[in-house]
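Structure in structure tokens, see below.
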Amino acid sequence: MKVFRLDDLEAERIANDGAYLQFLRARNMSVGLYALDAGTQDPQQPHRQDEVYLVVSGRGSITVGVETTQVARGSVVYVPAGAPHRFHHITEDLRVLVVFSPPES
């Protein structure tokens, strides 16, 4: 069993000076913590993997393909492999758990 605490993951992400911290990698998936501060731009490009986002804090919007929705704590968003997507109009610092399947390369 592996157990993680969001506070510890956030501290590790900050210590590594990155917006993304991969903290789990298994045969069929990887999981990371993604951070976007209010007012910043999301530089993501489409990925080769399916993704699930779970917003753990913050507020903003996400566009996947041509669909846009607002997200906040508790929002879960599925992004199919290859789909263009990005967070935007971030009004409160976003912290998002990201699950990639298969694992991100």
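Fair warning: this is a prediction, and the values are worked out from it, not measured in the lab. Keep in mind that the numbers below use all heavy atoms, side chains included, and drop hydrogens, waters and symmetry copies.
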* To do: Search all heavy atoms of Arg13 against all heavy atoms of Ala19 and return the closest pair with its distance.
  =>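 Result for this residue pair: CD-O, 3.5 Å.
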* Can you check side chain to side chain contact (heavy atoms under 4.5 Å, CB included) on Glu51 and Val98, steps first, answer last? -> CA-CA 7 Å; Glu51 294 176 82; Val98 185; 3.7 Å; yes
* To do: Using the side chain to side chain contact (heavy atoms under 4.5 Å, CB included) rule, take Val77 and Val52 through it: C-alpha gap first, then chi angles, then the decisive distance, then the call.
  => CA-CA 6 Å; Val77 179; Val52 173; over 6 Å; no
* How far apart are the closest heavy atoms of Gly82 and Pro46, and which atoms are they? ->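 Result for this residue pair: O-CB, 3.6 Å.
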* Asked: Atom CZ of Arg59 and atom OG of Ser75: how far apart are they, to the nearest 0.5 Å?
  ->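 It is 8.5 Å, given to the nearest 0.5 Å.
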* Look up atom CD in Glu10 and atom CD in Glu12, then write down how far apart they are to the nearest 0.5 Å. =>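 So the gap between those two atoms works out to 11.0 Å.
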* Can you tell me how far the CG atom of Asp50 sits from the CZ atom of Phe100, to the nearest 0.5 Å? ->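 Asp50 CG to Phe100 CZ: 10.5 Å, rounded to 0.5 Å.
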* Asked: With a 4.5 Å limit on heavy-atom distance, are the side chains of Val71 and Phe87 in contact?
  ->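 Val71 vs Phe87: side chains touch.
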* Asked: Under a 4.5 Å side-chain heavy-atom rule over Ile, Leu, Val, Met, Phe, Trp and Tyr, are Leu97 and Ile14 clustered together?
  ->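 The answer is no; the residues belong to distinct hydrophobic clusters.
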* Gap between atom CG of Asp8 and atom CZ of Phe23 - 0.5 Å precision ->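 Answer rounded to 0.5 Å: 11.0 Å.
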* Asked: What distance separates Thr68 OG1 from His89 NE2, expressed to the nearest 0.5 Å?
  ->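 If I round to the nearest 0.5 Å, the distance is 9.5 Å.
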* Considering residues, nucleotides and ligands other than Glu92, do more than 12 of their heavy atoms fall under 6.0 Å from its CD? ->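 More than 12 heavy atoms, drawn from other residues, nucleotides or ligands, come within 6.0 Å of this atom.
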* Sequence neighbours excluded - side chain to side chain donor-acceptor pair (under 3.5 Å) pairs with any residue from residues 27-46 ->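 The answer is Tyr34-Asp42, Asp37-Arg95, Asp42-Gln44, Gln44-His47, Gln44-Tyr53, Gln44-His85.
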* For residues Ile90 and His88, determine if any side-chain heavy atom of one lies less than 4.5 Å from a side-chain heavy atom of the other. =>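 SC-SC contact between Ile90 and His88 ruled out.
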* Hey, could you give me the CG/CZ distance between Leu21 and Phe4, rounded to the nearest 0.5 Å? =>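 Rounded to the nearest 0.5 Å, the CG-CZ separation comes to 9.5 Å.
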* When hydrophobic residues are tied together by side-chain contacts of less than 4.5 Å, even through go-betweens, does Tyr20 share a cluster with Leu24? ->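 Different clusters: Tyr20 never reaches Leu24 through Ile, Leu, Val, Met, Phe, Trp or Tyr contacts under 4.5 Å.
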* To do: Please report the C-alpha distance between Leu94 and Val55 in whole Å, then the side-chain angles of each, then the deciding distance to 0.1 Å, and finally whether the side chain to side chain contact (heavy atoms under 4.5 Å, CB included) criterion is met.
  => CA-CA 7 Å; Leu94 276 175; Val55 178; 3.9 Å; yes
* To do: Indicate yes or no: at least one non-hydrogen side-chain atom of Val96 is less than 4.5 angstrom from one of Val56.
  =>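 Val96 vs Val56: side chains apart.
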* Judged by atom type as modelled, is there a donor-acceptor pair below 3.5 Å linking the side chain of Arg86 to the main-chain atoms of Ile62? ->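 No; zero donor-acceptor contacts below 3.5 Å.
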* Asked: Is Leu9 reachable from Leu54 through a run of I, L, V, M, F, W or Y residues, each pair having side-chain heavy atoms under 4.5 Å apart?
  ->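 Per the 4.5 Å side-chain linkage, Leu54 and Leu9 are co-clustered.
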* Around Arg25, counting heavy atoms of other residues, nucleotides and ligands shown, do more than 12 lie under 6.0 Å from its CZ? ->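 Check passes, neighbour count above 12.
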* Hey, are the side chains of Thr69 and Glu67 touching, using non-hydrogen atoms and a 4.5 Å cut-off? ->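 The answer is no; the side chains never approach within 4.5 Å.
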